[in-house]
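Notes follow once the structure below has been shown.
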Number of protein chains: 2
Amino acid sequence: MAEQPRGSVTLMDVAARAGVSLATASRALNGSTRKVGDDLRERVLAAARSLNYAANAQAQAMARGRTNVVGLVVHDIADPYFSSIAAGVMEAAEGQRVLVTLGSTLRRPEREVDYLVALRGQRSRAVILAGSRMDDSPVADALRREIDIFENDGGNVVAISQKQLPVDTVVIENRLGARDLATSLVGLGYRRFGVLAGPDAVLTARDRVHGFREGLGRSGIDLDPAFVVHGAFTRDGGHQAMSALLGRIGELDCVFAVNDVMAVGAMVAAREHGLEIPRDLGLAGFDDISTLRDVNPALTTVRLPLEKVGASAFELVMSAADRTKPRTRRIKGEVVLRQSTRTTAP
Amino acid sequence: MAEQPRGSVTLMDVAARAGVSLATASRALNGSTRKVGDDLRERVLAAARSLNYAANAQAQAMARGRTNVVGLVVHDIADPYFSSIAAGVMEAAEGQRVLVTLGSTLRRPEREVDYLVALRGQRSRAVILAGSRMDDSPVADALRREIDIFENDGGNVVAISQKQLPVDTVVIENRLGARDLATSLVGLGYRRFGVLAGPDAVLTARDRVHGFREGLGRSGIDLDPAFVVHGAFTRDGGHQAMSALLGRIGELDCVFAVNDVMAVGAMVAAREHGLEIPRDLGLAGFDDISTLRDVNPALTTVRLPLEKVGASAFELVMSAADRTKPRTRRIKGEVVLRQSTRTTAP
DNA sequence: GTCTATCGTGGAAGCGCATTCCTTCGGACG
DNA sequence: CGTCCGAAGGAATGCGCTTCCACGATAGAC
């Protein structure tokens, strides 16, 4: 039966056991342009199996000059937004003989550059950069520079939701989604809006605010800047931003939080303040995070097919890129009206 | 300034530019036992910088005979349980010059074996296996066998929450936690319990049911098997299981779902059925998933420090293992009483 | 019958690096 | 002033694999 050699089994061991040359063993195991006689191939495969041979991927990478590693860099893998994207990437990678290396920057943009360097060291064939870029210039410049180098080394780079990078991009239509949401909310009869915006430096957050304002504008409604409160892109950020708004809540009939996580924080803050949603106030989020679908009242939001975003990014990154003109894949959100907004005009 | 060479820069390029030998360049960049004169070192570092040199990790791995890759295999990265663990791992890995390769098995145990083989091919120095083992024998045997081979190759393996594997393990005290929860619930005055159990093959689920039954037993309460309903370990599984129980819900005053996700599904099912929680029925979960903390009413549950679980696993896997006797790190949960159970006896 | 394609196989080079073994040089000591 | 020793630099080897090239054999063309 299978033996248990100490240390790794090499191709030489397999070749020796099969009584063939290194070249033949290699060809038999990995198939190549050259054919190998059936008998020899069988012998090699049998030898490999009985020795539990697993080709040294490092050595293969060296010899071939390319790897089967793809990097995925997210802000925070614990955030359902990113973990959903990651799931999409993993699913798309399935069966492609590709290994995904994960980077989690904990929202520190400079870590992104570090990961890019590390992945270049790994000679990753591609990298997916998920997460909205902060427009912090020095870091952004460093990132752009490192992306350049990475691409020069022959790697593909795909960004998710950040049009300002000169690479293939999966664009999430934040602006459009927010605009549609605004239109829908106005359609429900809401008129006086507050917005819980994320950090101003996060482009995704900014786009959603812009889109929302645009949508309102089309209906002839002005968004009073005094009712736009910034906060962290998190549950607690939403809670705090909502709390800040609570003093003048009487002047509002609906609040839009730029993502679901913030919306949930806001919902709690509202409840703590004795407000009942949607009776006293409408509330809407963005993303349609599945884990959050069962909060009560259910959140009106914009559904984003995040797994599809991840899958698209993966496909993009695995297909040959034409550096001269970055490709773009647009992914739209869809307004989902639920109980956190009333269903008819009052 | 920095130039942009086409293709990868090699150590030879750096050495040439610095006017030193390969050996010196290597020693200057990676520091070794041998010293390098200050002037030469400076020259080498400058050359590396100006060429944007990033050492080829594959080549280093070959030459050194070891890599800095660690594998993390989870059931489903989109599941907050696993993404929290992953976050813990990533955080612990931070600054350790280690790259984490992610595997997501989509709950197909045989994929776990595949990942293990792939990671062995990468010569990963270690692998973390997160997720409860199904006790599906043929697959379990294959896994055990592959783990053996992996360890024979010199890799460390750490399992999370599955005592039955002969490797270092981070044990989550599911049984104990469930027991404590049962005790607490009885303390609140509940007497007639139903359980939404997960798939019987998932050990984590099974342990929690056992523990819960034990806890009840200590209070002299019997858990009627008729009130233990099995379902998928998901939100929908919880919804279905709860629905199945609804027919005889009058005989119950509290339901324990073996994880939070199921509990949330159950909550929705109960609500749909016109039940108000906790007035008509108490409900408790397990895990204390942070994304789920704001459901209404807030879930009584057992808090698990999942990030710490991930971090512990990483520490374990990075420290030398003594194969003769697997180490164990136990992590306890803590009962958290919230609004989904009433606060006093009726 | 010889001469040229074709195919299966083996030999060997080389991927980029760490590291061992030599060589050289300078200084300290007798 | 000669010898010895340590320290610093360089040449060369090998990690495990792919692949180019060479070679012998077989088959087809003339």
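Just so we're on the same page: letters track the sequence lines, and every chain starts at 1. Here the structure is a predicted model, which means the values were calculated and not measured.
Partners of A:D13 under the salt bridge (charged side-chain N to carboxylate O under 4.0 Å, His left out) rule, at least two apart in sequence or in another chain, do not exist in this structure. Every residue was checked against the salt bridge (charged side-chain N to carboxylate O under 4.0 Å, His left out) condition with B:E91, not counting sequence neighbours, and none meets it. Partners of A:F82 under the ring pair (Phe, Tyr, Trp, His ring centres under 6.0 Å) rule, at least two apart in sequence or in another chain, are A:H75. Contacts of B:R144 classified as side chain to side chain donor-acceptor pair (under 3.5 Å), with partners at least two apart in sequence or in another chain: none. When the salt bridge (charged side-chain N to carboxylate O under 4.0 Å, His left out) test is applied to A:R66, no partner is found at least two apart in sequence or on another chain.
Among the protein residues, B:G37 comes within range of the sugar-phosphate backbone only, with heavy atoms under 4.0 Å from sugar or phosphate atoms but none that close to a base. B:A55 comes within 4.0 angstrom of sugar-phosphate atoms only, judged by non-hydrogen atoms across all strands, and of no base.
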Pair A:I160-A:T169, side-chain contact (heavy atoms from CB on, under 4.5 Å): steps then yes or no: CA-CA 6 Å; A:I160 292 181; A:T169 302; over 6 Å; no
Would you check, one step at a time, whether the test salt bridge (Lys or Arg N to Asp or Glu O under 4.0 Å) holds for A:R108 with B:E94? CA-CA 12 Å; A:R108 292 206 303 281; B:E94 162 108 42; 3.3 Å; yes
Pairs of donor and acceptor atoms involving the side chains of residues 120-128 of chain B, under 3.5 Å and at least two apart or interchain, shall be tabulated with distances.
{"from": "B:R120", "atom 1": "NE", "to": "B:E146", "atom 2": "OE2", "distance (Å)": "3.0"}
{"from": "B:R120", "atom 1": "NH1", "to": "A:N52", "atom 2": "O", "distance (Å)": "2.7"}
{"from": "B:R120", "atom 1": "NH2", "to": "A:N52", "atom 2": "O", "distance (Å)": "3.4"}
{"from": "B:R123", "atom 1": "NE", "to": "A:S8", "atom 2": "OG", "distance (Å)": "3.3"}
{"from": "B:R123", "atom 1": "NH1", "to": "A:A54", "atom 2": "O", "distance (Å)": "3.3"}
{"from": "B:R123", "atom 1": "NH1", "to": "B:R120", "atom 2": "O", "distance (Å)": "2.7"}
{"from": "B:R123", "atom 1": "NH2", "to": "A:A54", "atom 2": "O", "distance (Å)": "3.2"}
{"from": "B:S124", "atom 1": "OG", "to": "B:L119", "atom 2": "O", "distance (Å)": "3.3"}

Table please: side-chain donor-acceptor pairs of residues 36-46 of chain A below 3.5 Å, with sequence neighbours left out.
{"from": "A:D38", "atom 1": "OD1", "to": "A:R41", "atom 2": "NH2", "distance (Å)": "2.7"}
{"from": "A:R41", "atom 1": "NH1", "to": "A:V36", "atom 2": "O", "distance (Å)": "3.4"}
{"from": "A:R43", "atom 1": "NE", "to": "A:A18", "atom 2": "O", "distance (Å)": "3.0"}
{"from": "A:R43", "atom 1": "NH2", "to": "A:A18", "atom 2": "O", "distance (Å)": "3.0"}

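Under the 4.5 Å side-chain criterion, counting only non-hydrogen atoms from C-beta, A:L143 is in contact with A:I147. Within the 4.5 Å cutoff, no side-chain heavy atoms of B:R111 are placed close to those of B:S104.
Each of B:R123 and B:D39 was assigned the nucleotide of DNA chain D with the nearest heavy atom; the assignment lying further toward the 5' end belongs to B:D39. Between A:Q58 and B:K35, the residue whose closest nucleotide on DNA chain D is further toward the 5' end is B:K35.
Direction of the helix axis in the helix from C:dG1-D:dC30 to C:dG30-D:dC1 shifts by 50° between the two five-pair termini, rounded to 10°.
Taking 4.0 Å as the cutoff to heavy atoms of chain A, we find the contact window on DNA chain C bounded by C:dG8 to C:dG16. You can see that DNA chain D meets the heavy atoms of chain B within a 4.0 Å-exclusive cut from D:dA8 to D:dG16, reading 5' to 3'.
Atom CG of residue A:L72 and atom CG of residue A:L129 lie 9.0 Å apart, to the nearest 0.5 angstrom.
The stretch residues 20-33 of chain A participates, sequence neighbours left out, in no salt bridge (Lys or Arg N to Asp or Glu O under 4.0 Å) pair at all.
Annotation: proximity of residues 22-29 of chain B to DNA chain D (heavy atom, distance under 4.0 Å) is found for B:A23, B:T24, B:R27, numbered in ascending order.
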